[in-house]
Each structure stands twice: as C-alpha cells, then as structure tokens.
Amino acid sequence: PQRQFSYYVIRGHALMGQEKYEEALTELLLANKVYNSDTAVLNSLGRCYFRLGRKADALEALNASLSLDPNQETVKKLIEEIKK
C-alpha cells in the first residue's frame, strides 16, 4: 500500500504540473483511498477541484486538510479565495 500511495501521489502531482487536472484528480483520489489523512493529498485535491470549477468539492477537501493541521496559512488563504 505504501508504494501504491507514493506512486499515485507522484503521478497526481506530475499531472497537476502539466495542468491535466482531471487526470491528476483520478490519481489523487486513488492515493486518498489508500491513506485518507495526508494533508498534501487533500490540498492537491482541493487545488484540482478549484481549477476544475468544483468549488464545493475544493472546500470540502481543503477543510478536511485543515482539520488535520489547522496551522496551514496558505490553505486558509486559498479557502478565502474560493469563497469569493
């Protein structure tokens, strides 16, 4: 499972870097199924959803990340941006 998790995360981030957000979302959701308490994955999911115009999903993922680590100032700023 750890190797699968890392594979999905790396692949998801690479696809995000190529601005292939739908494909990245698929990989990141797979990573999240393996381990659903990783703030980096949740933050990436939130960013993908936001880029795809899925604001409610973005807020859900980002708020889940904040519930795990409330000291993420950049995530708080992104949430405020999405709410505008």
Tell me the closest heavy-atom pair linking [X] and [Y], and the distance in Å.
| X | Y | answer |
| --- | --- | --- |
| Met16 | Tyr21 | O-CE2, 4.0 Å |
| Gly46 | Ala61 | N-CB, 3.8 Å |
| Gly12 | Ala24 | O-CB, 3.4 Å |
| Cys48 | Leu25 | CB-CD1, 4.0 Å |

Report the C-alpha separation of Leu28 and Tyr8 in whole Å, then their side-chain angles, then the decisive distance to 0.1 Å, and conclude whether the side-chain contact (heavy atoms from CB on, under 4.5 Å) test is met.
-> CA-CA 6 Å; Leu28 294 167; Tyr8 295 138; over 6 Å; no
Within one Ile-Leu-Val-Met-Phe-Trp-Tyr cluster: Leu45 and Leu59, side-chain cutoff 4.5 Å | no
Mind checking whether Leu68 and Leu78 sit in one hydrophobic cluster, side chains of I, L, V, M, F, W, Y counted as touching below 4.5 Å?
-> no
With heavy-atom distances below 4.5 Å as the criterion, would you say the side chains of [X] and [Y] are in contact?
| X | Y | result |
| --- | --- | --- |
| Glu81 | Phe50 | yes |
| Asp38 | Asn32 | no |
| Leu66 | Asn71 | no |
| Val34 | Leu30 | no |

Salt bridge Lys77-Glu80, side-chain N to carboxylate O under 4.0 Å =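 Here Lys77 does not pair with Glu80 in a salt bridge, since their nearest N and O are not under 4.0 Å apart.
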For the pair Lys76 (side chain) and Pro70 (backbone), establish whether a donor and an acceptor sit closer than 3.5 Å, ignoring hydrogens and angles.
-> yes
What's in the same ILVMFWY side-chain cluster as Leu15, cut-off under 4.5 Å, chained through other members?
->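 None; Leu15 is a cluster of one.
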Could you tell me the separation between the CG atom of Leu29 and the CG atom of Asn36, rounded to the nearest 0.5 Å?
->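 With rounding to 0.5 Å, CG (Leu29) is 12.0 Å from CG (Asn36).
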Distance from Lys20 atom NZ to Arg11 atom CZ, nearest 0.5 Å?
->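 Nearest 0.5 Å value for the NZ-CZ distance: 9.0 Å.
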Determine, stepwise, if the pair Leu62 / Ile82 fulfils side-chain contact (heavy atoms from CB on, under 4.5 Å).
-> CA-CA 10 Å; Leu62 295 170; Ile82 293 169; 3.6 Å; yes
Start with the C-alpha distance between Asn43 and Ser65, add both sets of side-chain angles, then the distance that settles side chain to side chain donor-acceptor pair (under 3.5 Å), and finish with yes or no.
-> CA-CA 6 Å; Asn43 293 340; Ser65 177; 2.7 Å; yes
With Glu19 via salt bridge (charged side-chain N to carboxylate O under 4.0 Å, His left out) - residues at least two apart = none
Let me see the working for Val41 and Phe5 under side-chain contact (heavy atoms from CB on, under 4.5 Å), right down to the final yes or no.
-> CA-CA 10 Å; Val41 171; Phe5 175 78; 3.8 Å; yes
Kindly check if the number of other-residue, nucleotide or ligand heavy atoms within 6.0 Å of NZ (Lys33) is above 12?
-> no
May I ask you to check whether over 12 heavy atoms, not counting those of Gln72, lie within 6.0 Å of atom CD?
-> yes
